[in-house]
Number of protein chains: 2
Amino acid sequence: MEKMERKKANSLDVAKLAGVSQASVSRAFSPGSSISPANKEKILKAAKQLNYVPNAMARALISNQSNCIAIVQPIASNPYFYSKVLQELLNLLQAENQRVVLFSQDDKGVDDILPIIDQYQVDGVIMASANIDAKLINQYVNRGIEFSFINRHVPNVYASSICTDNKQAAKDIVKYLANKGHKTFACIAGDGKASTAIDRVAGYREQIESMGLCDLGVIYDAFSVEGGVNGFNKLKEQGKALPDAIVCGNDEVAIGVINAITQSTKLIVGKDIAITGFDDIDAASWPTYGLTTMRQPLKALCELTVTDLLSRIRNQDTEPSQKSIPGELVIRQSA
Amino acid sequence: MEKMERKKANSLDVAKLAGVSQASVSRAFSPGSSISPANKEKILKAAKQLNYVPNAMARALISNQSNCIAIVQPIASNPYFYSKVLQELLNLLQAENQRVVLFSQDDKGVDDILPIIDQYQVDGVIMASANIDAKLINQYVNRGIEFSFINRHVPNVYASSICTDNKQAAKDIVKYLANKGHKTFACIAGDGKASTAIDRVAGYREQIESMGLCDLGVIYDAFSVEGGVNGFNKLKEQGKALPDAIVCGNDEVAIGVINAITQSTKLIVGKDIAITGFDDIDAASWPTYGLTTMRQPLKALCELTVTDLLSRIRNQDTEPSQKSIPGELVIRQSA
DNA sequence: CTGAAAGCGCTAACAC
DNA sequence: GTGTTAGCGCTTTCAG
C-alpha cells in the first residue's frame, strides 16, 4: 500500500471548482443560509469531487460552538451499568449530530479534567462522577459551558441533574422485603462516599425505622463483585446471626454476596436468605443469580439528560433543572 | 445560583496583563519554545489570574494537529470486553495528553462515520469494528489520518492492526480439550461475519481435523449470552447426540450455553460436558460459572495499539505494522 | 442572492 | 529572547 500525498480540500478549492465565492461554499454547508438551489447543487457536486468536508475546528473557532459534548466517566466503578449509560448517551448524542469527547476521572479527581475540557471548547459536559467543587464548576459555567449530572445531586451549582429517586427506591425495597415477612436486615452499601450510596442508605434506614424492623448494620465497601464478597465476610465477622435479608448497594455487590454465600455457607439464596440488588444489569437475570433488583430507568435517565442539555445549549435562556425518576422493582428468585 | 457573564480570556488578554507580546504567551504554553524564565513566570501568573487556557481549536487549526484520537466502537457487541478495551485505551491516551472522541458504529456502518471523523481533524483513528472498505480508509490516510485496527485484520489498507492470535488460540483450546480425552466437539461461534469468529473457527476446524477428532458442527449466532442460549438450542435440535465439548466464540456465548445447559438438561458442566470461552471477562471467574477460557491480552493489545499509533502520528515516516499476540489459556472448572 | 472583507485564537516564520 | 506579521479555514457582517 503506497501512501500518496494529497492535500485536504478547503472551501476555497471548492469555490474555485464550482465557480463561486468561498462564502457561498460556506452557505451551501450551513442549513438555513440563503443560497440559490442552482449554486448549492454546483457546490455540493464540486465538494463531492474533492471529498470536501467543512473543517469543524475552524467552524468552532469562529462560531464559538463545537457540537462537542464531554462525558466524564467515573473510573472503573460499576462498569456494567455505566458502560450502558455511555453507550446510550453516545447513541442519543450521535443522532443529534453531536460529538462525544470522553474523559475518565483519574485519581486526582475532576479538578484536573475541567481545564482540559475548557481547552476544547465543548458546548456541554455530562458528568457521571461525584465529589465536585461547586465553585469550580460555576467558573466554567460562566464561560458558557452547560453542565449536567447523571445520577448525582450536586448542590449550589448552576447545572442540571437527572437522578433515579434512590432514596425512595431503597425504601420500596425494604417495604417489599418486610411485606414478604423478613424481620432482620443488613445493608452492604457500596462506596460510602458516592451520593447514590448515601441516598440509598438513607432510604434504607428511614424505612427500617418507620416499620420498626431490625437493622444489623450498614457495611461499606467497593461497588463491585469483590466489594460484595468483602462486605458479606465483614457481616459474618460481626459474630451476630445473619439477617433474613441483605439489601445491596448495586447488582455487582449483590452478585458478590451471592457468590460468597454459595461458597462459604449452606444457605439457599431466596429461601434461607433474601438478597436484593440495584440497577438490573444483564447478569441479574442470568438463571444462576435470578436477582430481585431495583431497575434504574436507564433510557429515561439518558434521554432526559441529553434533551435537557441540548436545549440549554441551543437556547441559553433555558434554566437547568433537577429531576428524579422512580426506579422499578424487578422481582426474581433471590428475594 | 446566578449565572454571571464573563468572557473567556485569550492569549492577548494574558499578554496585556503580563506586559509582553501575544507571541510570548504562546511560547509560554508551548514546551520547548525559547522564552526567558522570568517572562514565563510572569505569563503563567497572569494566565492563572485570568483562568486562561490555550484554545485547542485554534491551536489545531494552525498547527494541523488536534491531539484528538477517534475510537470507533462496534455497537453493542461484546460489551464486557470492549468496554474494558475502551477504558484501557482511554487511560493510556489520556496519560499521553490525547483526547478521545468516541464514535459508535451505527447500522449504516463505518462509511458514514469517516466523513464526520474527517471534519474533526483527528490525528488518528482506532477501530474496533470490521467490514470496512479498504479504498475508503486509504482515502483518509491520504489526508494524514493514521488508522489502527484492534483485533481485526484488514487487508490492503495502510493501517496497523494489533490482534490476539485468534486462530492459534482456538487450536490451543481444541488441543487442551483433546488432551483431556474429549472426542466429539461442537463450536458455537458467535457472529460469523466478524473476523474474530472467522479466525477462531478456522483454528478450531484445522485442529479438529489434524487430530482426527469429530466435529458435530459449527453454529453461528450473536456474540451474546442470548446468542449462546440460541446456539445451544440449535445444537440440540440437530437431533444428534450432544458433544463432549463445546468451544464457544466468547465468554458471553459460553455463559449463555451454561445457562441453557443448567436450565434444560441434567448435565453437569465440567463433568458431563466441557465448555470453553474466549476473552476472560469478569463473570468468567464467578464461582457459578468457573469458565475455562482463552484470556485475551487486553492490556498488551491496548498498549501496543496506542504506542504504535502515537509513534506514527509523531513521526510520519513510521510505517504501519501488523502484530499478533498469543492468548493465555485460563483453566477453571468448566473444562 | 452573492461576493468582498474582517476576524475567531492561535503558531510559526521573520526580523531585530 | 522577543515582537511583528502572516495566515490556518471558516462564518458573518456589509454592500451591491
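The model shown is predicted, which means the values in this text are computed figures rather than measured ones. Quick note on labels: first sequence line is chain A, next is B, and so on, each numbered from 1.
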key: F223(A) vs T196(A), side-chain contact (heavy atoms from CB on, under 4.5 Å): CA-CA, chis, key distance, verdict   = CA-CA 11 Å; F223(A) 262 133; T196(A) 42; 3.9 Å; yes
note = Rounded to 10°, the angle between the first-five-pair and last-five-pair axes of the helix from dC1(C)-dG16(D) to dC16(C)-dG1(D) is 40°
By ring-ring contact (aromatic ring centres under 6.0 Å, His included) - contacts of Y52(B) (at least two apart) = F29(B)
message = My understanding is that only residues two or more places apart in sequence, or in another chain, count here; which of them pass side chain to side chain contact (heavy atoms under 4.5 Å, CB included) with N67(B)?
response = Y120(A), Q65(B), Q98(B), D123(B)
ask   = Excluding sequence neighbours, so at least two apart, what forms side-chain hydrogen bond (donor to acceptor under 3.5 Å, both in side chains) with T305(B)?
value = none
key: Residues forming a side chain to side chain contact (heavy atoms under 4.5 Å, CB included) with S26(B), sequence neighbours excluded   = S30(B)
ask   = For nucleotides 9-16 of chain D, read 5' to 3', which letter fits each nucleotide if B means a protein heavy atom sits under 4.0 Å from the base, S means only the sugar-phosphate is that close, and - means neither?
value = BBBBB---
Range on DNA chain C touched by chain B - first to last nucleotide, heavy-atom distance under 4.0 Å = dG9(C) to dA13(C)
inquiry  = So, using side-chain hydrogen bond (donor to acceptor under 3.5 Å, both in side chains) as the criterion, who are the partners of Q22(A) when residues are at least two apart?
reply    = S11(A)
Any residue meeting salt bridge (Lys or Arg N to Asp or Glu O under 4.0 Å) with E96(A), in chain and number order, not counting sequence neighbours = R314(A)
remark   = Residues at least two apart in sequence or cross-chain that pass side-chain hydrogen bond (donor to acceptor under 3.5 Å, both in side chains) with N97(A), listed by chain then number, are R99(A)
Show the atom names and distances, to 0.1 Å, of all donor-acceptor pairs under 3.5 Å that link a side chain in residues 35-47 of chain B to residues at least two apart or in another chain.
from: S36(B); atom 1: OG; to: N39(B); atom 2: N; distance (Å): 3.2
from: N39(B); atom 1: OD1; to: K42(B); atom 2: NZ; distance (Å): 3.4

task = Indicate, with a heavy-atom threshold strictly under 4.0 Å, whether S34(A) touches base, sugar-phosphate, or nothing.
result = base
inquiry  = If the condition is side-chain hydrogen bond (donor to acceptor under 3.5 Å, both in side chains), which residues does D308(A) pass it with, not counting sequence neighbours?
reply    = S160(A), R312(A), S321(A)
